[in-house]
*Asks:* 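One structure follows; several queries about it will come next.
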Amino acid sequence: MLRGLYTFVRFFVFWLLFFLVTRATFEIYFHHKLQGVTFWQIVQTYLYGVRMDASATAYIAIIPLLVFIVNWFIPNSTIKSAWLKWYTWVGVFFISFIAIIDLGIFTEWGAKVNFRAFDTLYNSPSESLSSTGSSPIALNLSIGAGLIVIGVILSYFIIDHSFKKPRVSRVNKLIFSVLLILVNFAILRGTVAPTPINQSAGYFSDNQLLDLSAQNTEWNLANNVFENLRRPYNPYLFMTPDSAKNLVSQTFAVKKDTTVHILTTNRPNVVIIQLESFTADLIESLGGEKGDAPNFENFIKNGVLFNNIYAAGDRTDKGIIAILSGFPSQAIRTIVIDTLKQRQLPSLLIAFKDTGYTTSYFYGGTSTYMNFDTYMHDHKTDHITDEKSFAKSEIGSTWGAHDDILFKKHVTYLDQQQKPFFSLIQTLTNHEPFVLPVPPHFKGSDVADQFRSTAYFTDSCLNAYFEAAKKQAWYKNTLFILIADHGHRLPKSTHGAFDPGKYHIPLLFFGEVVKPEYRGKQISKLGNQTDIATTLLAQLNMPHQQFKWSKDLLNPYSKDFAFFDWDNGFGYLLPQQAVSYDNSGERMIYTKNKNVAKNITQNTLLYGKAFMQQIFTEYLGF
């Protein structure tokens, strides 16, 4: 029996060491983000992570343990050692593969690899692979190969691959087998207490990278997959349903339903230009870099800039719903892919269609991506232009036709319209892998300069589009709304997934229909993408009550606040304070102002919790 226990321990030691190697790989890979971190804090990632590592190992051990026990009770059976070798090697291969996927996901999203990554890969493989185009593929593959080699070598020296049967009585076999199963089960649960281990076991620091490093990547992924595939429930229950509902209602309540009219007409054509990854860090007037989007600065001088706007989330599927339906992001879910739910959302497309406008959607890529085409059809879109509408020679990247081609086709289409029109243009060039049809403006070879160059190209395409549009009769009666679909870690690479700076984006009302006295003005009210719907419809004296998650940014009585979320956390901003909360670690991981009164910070967090809870409650109710 002691030999069997010794074999069991050696198997556990191997996997604990291999998980230590993968954690060290993660920390070495992102060492530049660990500046200022002490050696003791690094050590703590291993101390806090070992429980999750052990739990993951216990899951891996289930099959070998059962095979050993069954084999032990069958007198003449034999199992060759090759079986356990192959089982171990397959496990090493998959864990190494997940480890390098995790490096790419964290680079792009600032989060650990999760269900969403594989769901996107399954539903949109080419687009998903294009999203990783800025990652050093050769380096990551080399790291993966190195992990496999290390794993195989360690397994030879540590694991006892034989299935030798200790000679004991049947009663002792039964006792020992039950004991092994119970011990493995206890390790699997991470505790003998009623509540099993969860992701919060790895949280110990105010530095999110340290907390995520302490997480066991495979355990975290398996848990995330399970949570997404199980029967939907609300994981964000922070207070009673009535409390959450009332707090949200109070936030949107206004003393007077009025607005400051900045347009010369209440029946303009409307074109919303959804700019791929156009973070505020690209816009000089928003505190961004100078020269990345020089034409945008000229547009600002002739429009109304809302300079304190935040994206709903960190993905296009979140942004397009926030813009068109005024509905916030649902963190771990995305409503646009659920046909039954998204059909129940209000939409600007319907609002304008029902008022006599023709409606259209223009995208250079595949409109079936993330169910966008279904959403458009379900919300009364008259015309869709996507990748199928372009000649093969016009498809310039893995995503589709570049922005210059898209804008030219849009001008041609609008020239043929007789009624007032509402149109959404979705750009794509400023997306990984940052491919250009022209020489890059920024000559650097690093990914930040590639991002700057594609943004610069989109900016130049915008300018060419407006110059062409000015020659058309419809231009003088058209309101253009420029808004990013989401922010981005680039070009500065200073914002994590929890940092409000990553979600800060431009929103500009632009065109001849903007009253001259308002051109060049900046509005500093805190707001969201979701606020476009009510702000726009109020300008046109159109009903907007159906957009209850949207406020009028031009109503002097509307409150200053913004909300965003990522895979399993959220941020809430008020003028005095901004906070971010990680739901996995069940704690606040970011506060903007350290010197404000504690009750202001707690109040900000309370409203954020109410928003997250009520958003998910309504999502489930659709």
Side-chain angles (χ1 to χ4, degrees), residues 259-275 278 283 285 293-307 323-324 348-349 351-362 381-383 385 403-427 458-484 506-523 532-542 544 552-554:
T259 194
V260 176
H261 286 280
I262 64 171
L263 304 182
T264 59
T265 175
N266 62 6
R267 196 172 171 81
N269 305 307
V270 178
V271 175
I272 297 180
I273 304 176
Q274 181 180 295
L275 298 166
F278 239 70
I283 311 299
S285 293
N295 292 299
F296 206 100
E297 294 301 315
N298 293 326
F299 306 153
I300 289 172
K301 296 174 184 177
N302 293 287
V304 176
L305 177 69
F306 299 86
N307 61 23
I323 293 168
L324 290 178
L348 286 172
L349 290 159
F352 279 94
K353 177 67 175 178
D354 290 348
T355 315
Y357 281 63
T358 58
T359 57
S360 60
Y361 168 61
F362 275 68
T381 306
D382 294 314
H383 173 84
T385 287
D403 296 344
D404 55 340
I405 304 296
L406 177 70
F407 282 130
K408 288 176 184 177
K409 188 172 284 290
H410 192 253
V411 171
T412 302
Y413 170 79
L414 294 186
D415 286 345
Q416 302 167 0
Q417 302 310 301
Q418 301 299 319
K419 296 180 181 180
F421 50 78
F422 174 86
S423 187
L424 175 74
I425 308 175
Q426 180 180 338
T427 71
T458 295
D459 178 73
S460 68
C461 293
L462 270 175
N463 188 60
Y465 170 72
F466 288 130
E467 290 301 314
K470 286 176 183 177
K471 301 174 184 178
Q472 314 308 319
W474 47 265
Y475 177 80
K476 291 185 177 181
N477 193 49
T478 301
L479 171 66
F480 300 94
I481 299 176
L482 280 61
I483 179 73
L507 169 59
L508 180 69
F509 281 31
F510 172 80
E512 293 290 320
V513 295
V514 175
K515 292 177 180 178
E517 62 267 32
Y518 287 104
R519 295 175 193 172
K521 295 283 186 182
Q522 296 196 22
I523 308 297
I532 292 174
T534 293
T535 304
L536 172 60
L537 296 178
Q539 287 296 302
L540 309 189
N541 297 322
M542 292 170 60
H544 50 76
D552 184 359
L553 296 168
L554 292 167

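No experiment lies behind these values; they were computed from the predicted model shown. The chain is numbered in sequence order, starting from 1. Note that these values count all heavy atoms, side chains included, but never hydrogens, waters or copies made by symmetry.
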*Asks:* Quick check: closest heavy atoms across V411 and A468, and the distance to 0.1 Å?
*Replies:* CG2-CB, 4.5 Å
*Asks:* Within a radius of less than 6.0 Å around CD of Q416, do more than 12 heavy atoms belonging to other residues, nucleotides or ligands occur?
*Replies:* yes
*Asks:* Side chain of D382, backbone of T359: donor and acceptor closer than 3.5 Å?
*Replies:* yes
*Asks:* How would you list all residue pairs meeting salt bridge (charged side-chain N to carboxylate O under 4.0 Å, His left out) that involve residues 460-470, not counting sequence neighbours?
*Replies:* E467-K470
*Asks:* Quick one: are F296 and L482 in side-chain contact, heavy atoms under 4.5 Å?
*Replies:* yes
*Asks:* As an exercise, state the distance from CG of L508 to CD1 of I523, rounded to the nearest 0.5 Å.
*Replies:* 11.5 Å
*Asks:* Under 4.5 Å between any side-chain heavy atoms of F422 and K353, yes or no?
*Replies:* no
*Asks:* Do you know which two heavy atoms are closest between P506 and I483, and how far apart they sit?
*Replies:* O-CD1, 3.3 Å
*Asks:* I'd like to check L462 versus T427 (side-chain heavy atoms, cut-off strictly below 4.5 Å). Are they in contact?
*Replies:* no
*Asks:* Any donor and acceptor pair, going by atom type alone, linking the side chain of N463 with main-chain N or O of D459 inside 3.5 Å?
*Replies:* no
*Asks:* Determine whether a donor-acceptor pair (N or O, by modelled atom type, separation under 3.5 Å) exists between the side chain of T259 and the backbone of H261.
*Replies:* no
*Asks:* Do the ring planes of H383 and F362 sit parallel (below 30°), tilted (30 to 60°) or perpendicular (above 60°)?
*Replies:* tilted
*Asks:* Is there a side-chain contact between K515 and T264, using heavy atoms and a 4.5 Å cut-off?
*Replies:* yes
*Asks:* Can you see which heavy atom on V513 is nearest to which on P268, and at what distance?
*Replies:* CG1-CB, 4.2 Å
*Asks:* Under the side chain to side chain contact (heavy atoms under 4.5 Å, CB included) criterion, do F510 and L305 qualify, and how do the steps go?
*Replies:* CA-CA 9 Å; F510 172 80; L305 177 69; over 6 Å; no
*Asks:* Work out which heavy atom in S423 is nearest to a heavy atom in S360; give both atom names and the distance.
*Replies:* OG-OG, 2.7 Å
*Asks:* Identify which one of L424, T358, L324, L349 satisfies the side chain to side chain contact (heavy atoms under 4.5 Å, CB included) criterion when paired with T381.
*Replies:* L349
*Asks:* Run the ring-ring contact (aromatic ring centres under 6.0 Å, His included) test against F509 and tell me which residues pass, sequence neighbours left out.
*Replies:* F306
*Asks:* Please find out if less than 6.0 Å separates the ring center of F480 from that of F299.
*Replies:* no
*Asks:* With rounding to the nearest 0.5 angstrom, report the OG1 to CG distance, T355 to N541.
*Replies:* 11.5 Å
*Asks:* Could you give all pairs that pass the side chain to side chain donor-acceptor pair (under 3.5 Å) test and reach residues 471-480, with sequence neighbours left out?
*Replies:* N269-T478, D415-W474
*Asks:* Using only atom types and a distance under 3.5 Å, with no angle test, would you say the side chain of Q417 pairs donor to acceptor with the backbone of Y413?
*Replies:* yes
*Asks:* Just how far is it from atom CD1 of I300 to atom CG of N295, taken to the nearest 0.5 Å?
*Replies:* 11.0 Å
*Asks:* Where do R267 and P420 come nearest, in terms of heavy atoms and distance?
*Replies:* NH2-CG, 3.6 Å
*Asks:* Dump the intermediate steps for side chain to side chain contact (heavy atoms under 4.5 Å, CB included) on L348 and I272, then the final yes or no.
*Replies:* CA-CA 11 Å; L348 286 172; I272 297 180; 4.1 Å; yes
*Asks:* Any chance you could lay out the side chain to side chain contact (heavy atoms under 4.5 Å, CB included) test for F352 and L536, step after step, and finish with the verdict?
*Replies:* CA-CA 11 Å; F352 279 94; L536 172 60; 3.8 Å; yes
*Asks:* Distance check, rounded to the nearest 0.5 Å: Q426 atom CD versus L275 atom CG?
*Replies:* 10.5 Å
*Asks:* When you compare the side chain of L414 with that of V271, does any pair of heavy atoms fall below 4.5 Å?
*Replies:* yes
*Asks:* Would you give the length of the straight line joining atom CG of D404 to atom OG1 of T458, rounded to the nearest 0.5 angstrom?
*Replies:* 9.0 Å
*Asks:* Ignoring hydrogens and geometry beyond distance, is a side-chain donor-acceptor pair present between Y465 and H410 at under 3.5 Å?
*Replies:* yes
*Asks:* Please name the pair of heavy atoms, one in S285 and one in Q522, separated by the smallest distance, quoted to 0.1 Å.
*Replies:* CB-NE2, 4.3 Å
*Asks:* Indicate yes or no for a side-chain donor-acceptor contact from Q539 to the backbone of V260 under 3.5 Å, with no hydrogens or angles considered.
*Replies:* yes
*Asks:* Atom CD of E297 and atom CD1 of I283: how far apart are they, to the nearest 0.5 Å?
*Replies:* 6.5 Å
*Asks:* For K409, I'd like to know if atom NZ has over 12 heavy atoms of other residues, nucleotides or ligands within 6.0 Å.
*Replies:* yes
*Asks:* Is any side-chain heavy atom of L553 closer than 4.5 Å to a side-chain heavy atom of L507?
*Replies:* yes
*Asks:* Determine, stepwise, if the pair L540 / L263 fulfils side chain to side chain contact (heavy atoms under 4.5 Å, CB included).
*Replies:* CA-CA 9 Å; L540 309 189; L263 304 182; 3.9 Å; yes
